[in-house]
There are 4 protein chains.
Amino acid sequence: MALDSTETKAEAGGIAGERLRSLIERIERLEEEKKSLANDIKDIYAEAKSAGFDVKVLRKVISLRRMEAQERAEMDEILTLYMHALGMT
Amino acid sequence: MALDSTETKAEAGGIAGERLRSLIERIERLEEEKKSLANDIKDIYAEAKSAGFDVKVLRKVISLRRMEAQERAEMDEILTLYMHALGMT
Amino acid sequence: MALDSTETKAEAGGIAGERLRSLIERIERLEEEKKSLANDIKDIYAEAKSAGFDVKVLRKVISLRRMEAQERAEMDEILTLYMHALGMT
Amino acid sequence: MALDSTETKAEAGGIAGERLRSLIERIERLEEEKKSLANDIKDIYAEAKSAGFDVKVLRKVISLRRMEAQERAEMDEILTLYMHALGMT
DNA sequence: CTGCCATTTTACCGGC
DNA sequence: GCCGGTAAAATGGCAG
């Protein structure tokens with residue numbers, strides 16, 4: 001690899017390298033937080049289990065609620081589309 | 001289902017119902033945050049892409065770094081296992 | 001369901017039915033073989049245990065070796081990606 | 001680690017080391033075959049999909065058939081138990 | 001819209 | 001025999 005002679009070691013790879021490093025760090029930081037939240041959720045499921053709830057059922061309940069929420073959002077979206085189509089904005 | 005006559009509608013299902021509701025809400029709250037983080041990550045990938053980086057490569061790099069970190073953790077763990085197995089606790 | 005009058009019982013459901021049956025049988029056959037292999041593996045772990053090896057450690061070792069192999073494969077893959085990204089195909 | 005002075009490097013770890021190596025290799029070999037079968041199965045699902053079958057439904061069908069087979073096996077087992085209990089072996 | 005990858009759910013296995 | 005944790009299957013989401 002041919003480096004520009006004015007380049008120091010720290011700059012090897014150039015600006016793009018720094019940019020890349022920054023992007024990677026930001027992503028890794030967020031993924032860490034995400035994993036942390038996933039662990040928190042796991043803990044709550046464990047808590048639920050030790051409180052006598054059936055975890056599998058609990059998961060299903062939450063999944064259903066999520067689906068319903070999504071359906072509602074989609075219906076809102078369609079409604080909005082209709083209203084726009086009818087000039088009712 | 002026979003409800004205790006002193007029970008109001010809000011209490012239907014009893015204490016367990018309240019506990020369940022609380023668990024569900026906590027989980028849903030955390031999942032929302034998790035999803036939000038996922039979106040943030042997606043945004044960074046988009047940013048990377050528009051800065052000219054190859055997203056596929058970027059993902060691989062991050063995946064590889066994650067694997068390496070995990071492998072290091074596993075090696076620590078197996079070392080501990082060895083020591084226990086050898087009575088070196 | 002209205003069957004074509006020239007259809008025999010064996011053909012009920014039509015060509016697609018036969019195709020489906022064939023697919024299912026092939027899958028089930030392979031899954032049987034797979035399960036058989038899983039049993040063989042289990043037997044070896046049992047053998048290892050009765051030979052005095054710590055099964056947990058053994059599993060970790062194998063898991064670690066698998067990870068290492070995979071990481072090597074990934075590094076090859078990312079190298080290919082780099083070369084493509086740099087137009088060095 | 002103190003090695004017996006008559007031990008060469010190749011023998012370090014002793015007989016147990018050889019035994020361990022053999023066990024690991026046998027397991028890894030079988031796991032490779034297992035993975036290969038898993039890939040074959042995946043291929044069939046892909047084939048099914050491109051033939052217009054709904055893969056998700058297909059999986060359910062196979063899963064149900066597996067459950068039924070298992071149930072039948074369990075019933076046979078119970079029947080055998082009864083027969084033994086009644087001296088009808 | 002299809003294939004691929006991450007996440008999630010399910011099933012298994014050893015330990016208590 | 002359950003439970004906790006680990007590996008496999010399956011589902012869902014995303015980029016191309």
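These figures come from a predicted structure and were not determined experimentally. So you know, we letter chains A, B, ... as the sequences are listed, proteins then strands, and number each from 1.
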(message) Would D:Arg19 pass as a cation-pi partner of C:Phe53, given that its NZ or CZ must be under 6.0 Å from the six-membered ring centre and within 45 degrees of the axis?
(response) no

Calculate the interatomic distance between [X] atom [atom1] and [N] atom [atom2]; express it in whole Å.
X	N	atom1	atom2	result
D:Ile44	F:dA10	CD1	P	13 Å
A:Ile27	E:dA6	CD1	P	12 Å
C:Ile41	F:dT6	CD1	P	19 Å
D:Glu47	E:dT2	CD	P	16 Å
D:Lys42	E:dC5	NZ	C1'	11 Å
B:Asn39	F:dG12	CG	P	18 Å
B:Tyr45	E:dC5	OH	P	13 Å
C:Leu30	F:dA8	CG	P	17 Å

Report yes if the side chains of [X] and [Y] come closer than 4.5 Å at any heavy-atom pair, otherwise no.
X	Y	result
A:Ile62	A:Arg59	no
C:Arg29	C:Glu25	no
C:Asp54	B:Leu81	no

(message) When you measure from the side-chain N and O atoms of D:Lys34 to the phosphate of F:dA7, is any distance below 4.0 Å, counting only OP1 and OP2?
(response) no

(message) Using a 3.5 Å distance criterion without hydrogens, assess whether the side chain of A:Thr80 forms a donor-acceptor pair with backbone atoms of A:Asp76.
(response) yes

(request) Can you sort out which residues in residues 49-77 of chain D have a heavy atom within less than 4.0 Å of DNA chain F? Ascending by number, please. (result) D:Lys56, D:Arg59

(message) Would D:Lys35 and D:Glu31 count as a salt bridge (Lys or Arg N to Asp or Glu O under 4.0 Å) here? Give the steps.
(response) CA-CA 6 Å; D:Lys35 193 184 170 189; D:Glu31 286 198 337; over 6 Å; no

